[in-house]
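Quick notes on the structure that follows.
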Amino acid sequence: MVYKAIRHVQRIQIRLISQQVRLDFGAAAPLFAGLVRRYINSHFGNRPESKFIAIIGDAELDEGVVWEAVADPATKGLGNTLWIVDFNRQSLDRVIPGVRIVQWRAQFEAAGWHVAECKYGSRLKAVLNTPGSEEFIRWFDDIANEQYQSLFSQTPELARERFLEGAPEGVRQFSQQYSDEEFFRIITDLGGHDLDALLETFAECESFSDRPSVVFAYTIKGFGLPIAGDPRNHSAQISADHIEKLREKLGISVSEEWESFALNTPEGELCSARSTLLKRPPARRGLSLEIPESTTTNISPRLSTQEHFGRALSALSRNESIRPFLVTTAPDVATSTNLGGFINRVGVYQPTSLRRWNDDPVLKWAEGPTGQHIELGISEMNLFMLLGQLGLSWDHSGQTLIPIGTVYDPFVLRGLDAFIYSVYSGARFIVTGTPSGITLAPEGGAHQSTITPSVGMELPGVVLCEPAYSQALDWLFCDSLRSIIAPEENEDCAFYFRLTTRQIDQEPFTHALNRIGETQLRDQVLHGGYRLVESETPADVVLVGIGAVMPEVLKASDQLRSNGIAAHVIDITAPGRLYHVWHKSPHQLPTHFAELFETSTPIISIHDGASHAMSWLGSALGVRQISLGVDEFGQSGSINDLYEIHGLSVSAIVDAAEKLVTATKK
C-alpha cells in the first residue's frame with residue numbers, strides 16, 4: 001500500500017509539501033504561502049510546481065482565522081493549495097454532538113473551493129453496490145455521531161446491536177447477510193483510514209487546478225487502539241501493551257519497527273528515486289542590494305511621520321534595483337495609511353489584468369500580474385498571516401522579498417495572534433501601525449491605541465520604532481530594509497513602526513543635527529535615542545519623549561528652564577531596541593545608555609501610549625521616574641484637550657518634573 005501511495009505522488013508530480021502545523025494557523029499559513037507563490041511566479045518567473053498542503057483537525061474549523069482566510073478575495077483561485085481535514089468529529093473535551101459537514105461544505109463552496117469527502121472505505125464502497133443497500137447507507141450517513149463513535153469500544157456482537165438501535169427494520173434485515181465480524185469491519189470502514197480511498201480523492205482534487213481543494217477525510221481518533229472513539233482519548237496515554245498489540249496486528253516485530261524498505265525491492269527503489277527528485281537545494285536567504293542610508297526624500301517644515309513614510313516608500317520604488325522586491329499589503333486601509341503614492345507607481349497585484357473603470361487622477365489602481373500591492377479585505381489576522389508568508393518566501397519559493405504592511409495601530413491587537421505566529425516562524429517583514437495613540441482624537445475613541453507599544457517591545461524578534469521626526473524615521477526605515485535583506489547579519493525579524501498623522505515642526509531636529517553631526521546622530525537614532533535638547537548646566541531632570549508628544553515635551557523643557565530647572569530632552573526613536581539591549585545585560589548598563597542619560601538624574605517619560613511601556617527606564621538607570629501616558633480609554637476631542645485629560649499636556653509635564661525634582665532633593 002505504501003508503494004501504491006508513492007506511485008500516486010509520482011504521478012501527480014508534487015515537489016513540495018508545506019506547511020507548519022498549529023491550531024488554526026496551520027490551515028491559513030499554507031493558503032497564504034500559495035498566494036505568495038502565485039505572486040512570485042508572476043514577478044520572477046514560474047517556480048517548480050508545488051503543492052501547499054495543510055492537515056488539520058475538524059475542530060480547527062471553529063476558528064474564525066480559518067474563515068477569514070478562506071473568504072478573502074486575495075486567496076481566490078489558488079489551485080496549488082490543498083487542505084486535508086481529519087474529520088474525526090471529536091474535540092478536546094468530547095465527541096461532537098452533531099456533524100456540521102453540510103454547513104462547512106456550503107461555506108467552502110461559496111468561497112469558490114472544491115470540496116471532496118472521503119467517507120467510505122473500500123468495504124463500505126463495495127456495500128454501496130449491493131442490492132437493497134440504500135436504506136443501510138442512509139442510516140449509516142444519518143446515525144448520531146455519539147452513537148457511531150461508541151461502536152469502536154464494543155465487541156463485534158455488541159457493536160451490531162448498538163448500530164441497529166433506532167434503525168429502520170430494513171437496515172436490520174440487510175445486516176443479517178453478514179457475520180458479526182464482517183459487519184463490524186464494514187461499519188467501521190471509514191475512508192480516512194483507507195489508503196485506496198484517500199488516493200482516489202486526492203487524484204480527484206488534482207483535476208481542479210483553478211481553485212483550492214479541501215478534503216474531509218472521515219476518521220476515528222485513536223483508530224486501531226482501545227481508546228478509539230473514547231471521549232477522553234485526547235489526553236489518554238498510549239501504554240506499552242497498546243503498542244505491542246498494534247505491532248502484532250500489523251505483523252511487525254520490534255527489530256523491524258523502524259526499518260526502511262530494502263533498496264533492491266520495488267518499494268525501496270521508488271522511495272530512493274522520489275527522495276532524489278524531492279530534495280531541494282539549500283534555499284538562499286537575503287538579497288544582494290545596496291540600501292541607501294536615507295531616501296533623501298524632501299522633508300517639509302511641518303510633517304507627520306505617516307506622511308513621510310509614504311514619501312520614503314515611493315522614493316525607494318524609484319530605485320530600480322530595490323523596487324522589484326518591494327511588496328506591500330493592507331487590510332483595506334492602504335490609502336488612509338499613505339500607501340497611495342506607492343500603489344499608483346507599481347499597481348495592485350491580480351493574477352490577471354483587470355480593466356480600470358475609475359479615472360480618478362489621484363487613485364490610479366491599475367490591477368494586474370505586475371502589481372506589487374496585495375489588497376486584503378478587512379482582516380488584520382490575514383494581514384499578519386500574509387506578511388508572515390511573504391517574509392518566508394525565500395524558504396517556500398526560493399525568492400526573498402521585502403514585505404511591508406500597514407494597519408491602523410489599535411487594530412494590531414486584532415491580528416496579534418497571527419503577528420506572534422509569523423515572528424515565531426522566523427518571518428522577516430515591516431509593519432506600520434498608523435495612526436497611533438490618541439492623535440486621531442477627532443475621529444473618536446475607537447481609533448486610539450494605548451497598549452500597542454508594550455506589544456511591540458515585548459515580542460521576541462520585533463523592534464518597535466516610534467520616531468517623532470521625519471529624518472529619524474527615514475534612517476530607521478532604510479536600516480530596517482537592510483536587516484530584512486541581510487538575515488545572517490541581523491537577528492531582528494520584524495520592524496514595527498508606530499506612526500501618527502499629527503504634523504509637527506521639524507526644526508528642533510535640524511538644531512540637533514547641526515549640534516551633533518549627521519554621522520553621529522544617525523548612529524544614535526538607530527541605537528534607539530538621542531539628546532534632542534542638551535541643557536547648558538547639569539540637568540535637574542531628564543524629559544524622555546517618544547513620538548507625537550515631542551512638541552509638548554519641548555515646551556515643557558522651555559518652561560522648566562524659565563522656572564530655574566535644567567532639563568535634558570531625550571527623543572526615544574526605537575524604544576524596542578533600547579529595551580532589548582538593556583534586557584540582555586540588566587546588570588551592566590549598555591554603552592549607549594551611559595552616553596544618553598545621566599545615571600543619577602531623575603527622569604520623566606512622556607508617551608502617547610500606556611504609561612507602563614517606558615516605566616522600566618527608572619529600573620535600568622537606578623533613578624526615580626514618573627511615567628506619563630494614556631491609561632484610560634480615549635474620548636473624542638481635540639488633541640490638546642485629550643492630552644490635558646490624560647496628563648500629557650505641557651502643564652502636566654512641568655508639574656510632574658517639579659514634584660520629582662523636589663522629592664529627589666529631599
Side-chain angles (χ1 to χ4, degrees), residues 1-15 17 51 53-58 81-89 99 101 105 114-131 133-134 136-138 140-141 143 148-149 151-152 156 159 163 174-175 177-179 181-209 212-225 228-229 246-252 260-261 265-275 277-278:
M1 293 297 286
V2 174
Y3 175 75
K4 184 186 296 183
I6 297 172
R7 292 288 298 179
H8 176 76
V9 172
Q10 185 182 41
R11 179 172 61 81
I12 61 177
Q13 296 180 334
I14 299 176
R15 292 196 57 186
I17 296 180
K51 202 78 173 180
I53 300 176
I55 302 176
I56 63 175
D58 51 353
T81 304
L82 171 67
W83 286 5
I84 302 170
V85 180
D86 179 7
F87 199 55
N88 56 50
R89 294 140 294 146
V99 179
I101 184 64
R105 171 184 277 276
H114 167 67
V115 182
E117 290 186 54
C118 187
K119 185 172 186 177
Y120 308 126
S122 301
R123 293 186 182 89
L124 265 172
K125 285 184 177 180
V127 169
L128 291 174
N129 298 319
T130 303
S133 65
E134 294 83 1
F136 163 77
I137 292 298
R138 191 158 49 247
F140 181 88
D141 288 342
I143 190 172
Y148 178 75
Q149 300 244 2
L151 303 178
F152 289 81
F163 178 80
F174 180 82
S175 71
Q177 60 185 299
Y178 304 104
S179 68
E181 289 73 14
E182 287 175 323
F183 194 65
F184 183 78
R185 285 194 292 270
I186 289 171
I187 61 177
T188 59
D189 185 34
L190 294 177
H193 298 298
D194 187 304
L195 197 53
D196 282 323
L198 286 169
L199 295 179
E200 182 181 327
T201 307
F202 295 155
E204 172 195 331
C205 292
E206 281 305 300
S207 64
F208 290 86
S209 60
S213 291
V214 57
V215 172
F216 287 91
Y218 285 71
T219 62
I220 290 292
K221 187 180 289 188
F223 183 73
L225 296 170
L246 185 61
R247 284 196 198 99
E248 293 176 4
K249 182 178 179 181
L250 297 174
I252 300 173
S260 57
F261 294 113
T265 63
E267 294 86 351
E269 291 175 357
L270 187 56
C271 284
S272 177
R274 293 301 291 169
S275 175
L277 181 62
L278 291 170

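The first residue in the sequence is number 1, and the count goes up from there.
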Could you check whether any side-chain N or O of [X] sits under 3.5 Å from a backbone N or O of [Y], counting only pairs where one atom can act as donor and the other as acceptor?
X	Y	result
His193	Ile220	yes
Ser133	Leu128	yes
Asn88	Lys221	no
Thr219	Asp86	no
Asp58	Val85	no
Glu200	Cys118	no
Ser272	Glu269	no

I need the [X] [atom1] to [Y] [atom2] distance, nearest 0.5 Å.
X	Y	atom1	atom2	answer
Ser179	Arg185	OG	CZ	6.5 Å
Asp196	Lys125	CG	NZ	8.0 Å
Phe184	Arg123	CZ	CZ	11.0 Å
Ile143	Ile187	CD1	CD1	7.5 Å

Practice item. Answer yes or no: is there a side-chain heavy-atom contact under 4.5 Å between Tyr218 and Leu124? Key: no
Exercise for review: Could you tell me whether the side chain of Gln177 reaches within less than 4.5 Å of the side chain of Thr130, counting heavy atoms only?
Suggested key: yes
Check your understanding: Using 30° and 60° as the class limits, which term best fits the ring planes of Phe136 and Phe140: parallel, tilted or perpendicular?
Key -> tilted
Exercise for review: Would you sort out whether Val127 and Tyr178 count as a side-chain contact (heavy atoms from CB on, under 4.5 Å), showing the intermediate values?
Suggested key: CA-CA 11 Å; Val127 169; Tyr178 304 104; 3.9 Å; yes
[X] to [Y] - nearest heavy-atom pair and separation:
X	Y	value
Pro131	Phe174	O-CE1, 3.8 Å
Ala217	Ile84	CB-CG2, 4.5 Å
Ala116	Cys205	CB-SG, 4.1 Å
Leu82	Lys51	CB-CE, 4.0 Å

Review point. Distance only, no hydrogens: is a donor on one side chain within 3.5 Å (strictly under) of an acceptor on the other, for Asp141 and Tyr120?
Key: yes
Exercise for review: Step by step, work out the side-chain contact (heavy atoms from CB on, under 4.5 Å) result for Leu199 and Leu195.
Suggested key: CA-CA 6 Å; Leu199 295 179; Leu195 197 53; 4.3 Å; yes
Exercise for review: Let me see the working for Lys119 and Ile101 under side-chain contact (heavy atoms from CB on, under 4.5 Å), right down to the final yes or no.
Suggested key: CA-CA 11 Å; Lys119 185 172 186 177; Ile101 184 64; over 6 Å; no
